Amino acid sequence: MSEPKPKKVDLNRRGMPKQLPEVRRHNFNEVALGYPVKIAVEEAERCLQCKKPKCVLKCPVEIDIPGFIKSISDRNFTAGARILKQKNCLPAVCGRVCPQEEQCEEACVLLKKGGQIAIGRLERFLADWEAGQGELEMPKISPFTGRKVAVVGGGPAGLTVAGDLIKLGHQVTIFEALHEMGGVLTYGIPEFRLPKAIVNREVDYLKKLGVKVVKDFVVGKTRTVESILEEFDAVFIGSGAGLPWFMKIPGENLNGVYSANEYLTRMNLMKGFLFPRFNTPIKNHKRVAVIGGGNVAMDCARVALRLGAETRIVYRRSRKELPARLEEIENAEEEGVVFDFLTLPIKYAGDENGWVKEIECLRMKLGEPDSSGRRRPIPIEGSEFTLPMDAVICAIGNSPNPLISAVTPGLEVGKWGNIVADEETGKTSMERVWAGGDVVTGAATVILAMGAGRKAARSIHEYLSSL
Amino acid sequence: MFRLITNQMIVPNIHLLTLEAPAVARQMKPGQFVILRAEEDGERIPISVSDWDAEKGTVTVMVMNVGITTDRLASLETGISIPTVVGPLGNPTKIEKFGTVLCLGGCYGIGSIFPIARALKEKNNRVFTVIEARSSYLFYWEEKLRKVSDRIVHITRDGTKGYRGHVGRLPEIIKSFQEPVNRIIINGCTFLLKRGSDVSRPLGIETVVSLNPIMIDGTGMCGVCRVTVGSTTKFACVDGPDFDGHQVDWAELLQRRKTYMKEEVIPHRTSRCEEHARKS
């Protein structure tokens, strides 16, 4: 404490302790262990406290980043947690799964010198510190306005809307289709990247604020949006991107070919890795291929690896084009996932019992950049080869879940099956109905869904206040 | 939580369960299903619905005791609550005035064909109900079915009631009606659905089958229930469960249904005496 602050800018971005690769590849415990207090304070002290902080502009939920970092360097963690929660109802989640390198940390003025502040790690530190203090501090709740809001989907977008509106005094009910809250945080992201205890903690916090939760309730099936509108003043739809894509290549319906959603749901929501204590079965595959290069593909590969399989990522472009976060790619590499770059599966072959046994692939080369700005993969003629495999996980993306839009005639739908909603307000084509998150944008990130939820909550509040 | 009001073994190994699920009962239509979990650590399984009471808020299902979850369900005491009853899922069976409709049910399908037959009767169809079982002692709900059917025909493998044999006897049965059948609707095990579709194809009668593949969420999210119909992949949970039986790729469906046979049925078939002894 008595050490004088160094005058020179400290560019030493503090690392976060992690479980060692050879240890963690055999367990489902969290990989990254979080900053100890001392390191967190050191990291926070590096922040230049810019007068016009660019990091805040790049945050989808506009967190006062220099503010909470200052609190850490002042060792006033209570104040810091309060600053975080003003703008973010899920800081422990965002500190772990936000792509900070493309957002706040990318805007940090120290980036040029390679010493950008580890904003995500500091956010996580504060959220975890607060959780460790026992009773969470309750925010001020405005008096009940007499207005009722229904939130469809208990994922990041819905949780944000619920958190914002309950504080403003509205009554909020979340309808969740599955038997657990959290949406993709629960069924999608594995335990070792986002422990479910953290998701439960955030949901419990909302319940304590007065949010009502109805699980096992499929809006569109158990009750229509129209019927919900008879009882509620406004409806927010945040039903996510839950329609898995397949490649439409021969053999895709063989046993042992999974969508990433199925594989991850079995593992995360249904706790298949604890079979038979939990009843949802999984197979002990020996050789697993994951098709795709995003965060979901990394998650699938790292789950399969932990279950003892020799695991490969099969990706049609090169390492440089992988859409996953660098941190997750490195984690996967360290743990021993093998990467087959510039490889395109064209066919799955099965054994006599209908189980996949090998993938036929083509080698690719990179051509000119396509509309996404990444170099387009081009097949190399005559380069066919096979990979022997007893399971394949297809992690090439998801579309918005069409279940609600299919039974709600007033709701305008875009060409990808997404619900059309105003980018700034989340308003849909239907009176008193808002939407946000992956069901509007297609599969994106947790924080963007939360950002959309925040904007929708603001617009819903304006509407309810005008009544 | 969803309270179990009735649990009755209606015939050997088939349990009639009535559950309190008011929101589900209010929306239920013939041909839809629910997903249940028997306990907190339990898996999610899809079950066809055999009846419901929107006023009382109850749903009735027939559970055949074949795997881990159906075994747990079968052994539940009434009054107890189970953690999940979600639905109604899937699309309702198409019900309109078709003329003469043959409703074929086997195993749990004897139950789930009942609301379909009832709805068809309400639309003034002539309803011929054919029920199939291994032996006569495995029939149930015959009185209920009789009330909504113009005729009722039995098939037993051992010949103890009605026609002897399997659903392969369907063409003769149809012939014996001496009037044209405009549509066939089948509920029951995959083998019954397949065989029924096989024998109705040469007769050129449109045949609707209610498929029962493995599912997890039941809302189109996981894709484990995919089936090939015609030449396209469909998700049985949201595109079905009813499909044209003449278009279904049965070999693929039967094989996909066996995915977890080893994990599921084999451990279940061991006695688990030790576990029971510990519990009691």
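Every chain is numbered from 1 and lettered A, B, ... according to where its sequence line falls, protein lines coming before strand lines. All figures in this text were calculated on a predicted structure; none of them were measured in a lab.
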Heavy-atom contact with chain A under 4.5 Å, split by part of Val238(B): side chain
Flag if over 12 foreign heavy atoms under 6.0 Å of NZ, Lys148(A): yes
From Leu269(A) atom CG to Asp217(B) atom CG, the distance as rounded to the nearest 0.5 Å: 9.0 Å
Thr222(A) side chain vs Gly87(B) backbone, donor-acceptor pair below 3.5 Å: yes
Donor-acceptor under 3.5 Å (Arg226(B) side chain, Glu252(A) main chain): yes
Just list the side-chain donor-acceptor pairs under 3.5 Å for residues 256-266 of chain A, sequence neighbours left out, or say none.
{"unit_1": "Tyr258(A)", "atom_1": "OH", "unit_2": "His285(A)", "atom_2": "NE2", "d": "2.7"}
{"unit_1": "Ser259(A)", "atom_1": "OG", "unit_2": "Asn261(A)", "atom_2": "N", "d": "3.4"}
{"unit_1": "Ser259(A)", "atom_1": "OG", "unit_2": "Glu262(A)", "atom_2": "N", "d": "2.9"}
{"unit_1": "Ser259(A)", "atom_1": "OG", "unit_2": "Cys222(B)", "atom_2": "O", "d": "2.6"}
{"unit_1": "Asn261(A)", "atom_1": "ND2", "unit_2": "Asn398(A)", "atom_2": "OD1", "d": "3.1"}
{"unit_1": "Asn261(A)", "atom_1": "ND2", "unit_2": "Met221(B)", "atom_2": "O", "d": "2.7"}
{"unit_1": "Glu262(A)", "atom_1": "OE2", "unit_2": "Arg266(A)", "atom_2": "NE", "d": "2.9"}
{"unit_1": "Glu262(A)", "atom_1": "OE2", "unit_2": "Arg266(A)", "atom_2": "NH2", "d": "3.3"}
{"unit_1": "Thr265(A)", "atom_1": "OG1", "unit_2": "Asn261(A)", "atom_2": "O", "d": "2.5"}
{"unit_1": "Arg266(A)", "atom_1": "NE", "unit_2": "Tyr260(B)", "atom_2": "OH", "d": "3.3"}
{"unit_1": "Arg266(A)", "atom_1": "NH1", "unit_2": "Pro281(A)", "atom_2": "O", "d": "3.0"}

Toward chain B, the part of Lys221(A) with a non-hydrogen atom under 4.5 Å: both
Ignoring hydrogens and angles, write down the donor-acceptor pairs under 3.5 Å from the side chains of residues 241-250 of chain B, residues two or more places apart or on other chains.
{"unit_1": "Asp242(B)", "atom_1": "OD2", "unit_2": "Thr93(B)", "atom_2": "OG1", "d": "2.7"}
{"unit_1": "Asp244(B)", "atom_1": "OD1", "unit_2": "His246(B)", "atom_2": "N", "d": "2.8"}
{"unit_1": "His246(B)", "atom_1": "NE2", "unit_2": "Ser197(B)", "atom_2": "O", "d": "3.4"}
{"unit_1": "His246(B)", "atom_1": "NE2", "unit_2": "Ser200(B)", "atom_2": "OG", "d": "2.8"}
{"unit_1": "His246(B)", "atom_1": "NE2", "unit_2": "Arg201(B)", "atom_2": "N", "d": "3.4"}
{"unit_1": "His246(B)", "atom_1": "NE2", "unit_2": "Thr207(B)", "atom_2": "OG1", "d": "3.4"}
{"unit_1": "Asp249(B)", "atom_1": "OD1", "unit_2": "Ala251(B)", "atom_2": "N", "d": "3.4"}
{"unit_1": "Asp249(B)", "atom_1": "OD1", "unit_2": "Glu252(B)", "atom_2": "N", "d": "3.1"}
{"unit_1": "Trp250(B)", "atom_1": "NE1", "unit_2": "Gly245(B)", "atom_2": "O", "d": "3.1"}

Criterion side chain to side chain donor-acceptor pair (under 3.5 Å) on Thr69(B) and Asn279(A), from CA distance to verdict: CA-CA 8 Å; Thr69(B) 300; Asn279(A) 295 148; 4.7 Å; no
Residue Leu178(A) versus chain B: region with a heavy atom under 4.5 Å: both
Selection from Thr233(B), Val224(B), Val227(B), Thr228(B) maximising heavy-atom pairs under 4.5 Å formed with chain A: Val224(B)
Check against side-chain contact (heavy atoms from CB on, under 4.5 Å), Asn401(A) and Thr219(B): CA-CA 8 Å; Asn401(A) 194 318; Thr219(B) 63; 4.3 Å; yes
Atom pair NZ/CH2 of Lys258(B) and Trp355(A) - distance to nearest 0.5 Å: 12.0 Å
Sidechain-backbone polar pair: Asn255(A) side chain, Gln255(B) backbone, donor-acceptor under 3.5 Å: yes
Gln8(B) atom CD, neighbour heavy-atom count above 12 within 6.0 Å: yes
Over 12 foreign heavy atoms within 6.0 Å of CD, Glu77(B): no
Largest heavy-atom contact set with chain A, pairs under 4.5 Å, which of Gly218(B), Gly223(B), Ala38(B), Gly90(B): Gly90(B)
NE2-CZ distance between His179(A) and Arg37(B), expressed to the nearest 0.5 angstrom: 4.0 Å
Proximal component of Glu43(B), with respect to chain A [non-hydrogen, under 4.5 Å]: both
pair Leu89(B)-Val218(A): side-chain heavy atoms closer than 4.5 Å: yes
Side chain, backbone, both or neither of Pro83(B) within contact of chain A (heavy atoms, under 4.5 Å): backbone
Shortest non-hydrogen contact from Pro244(A) toward Gly220(B): CD-O, 3.5 Å
Ile214(B), part contacting chain A, at a heavy-atom distance under 4.5 Å: side chain
Euclidean distance, Met1(B) CE relative to Lys215(A) NZ, rounded to 0.5 Å: 10.0 Å
Toward chain B, the part of Lys283(A) with a non-hydrogen atom under 4.5 Å: both
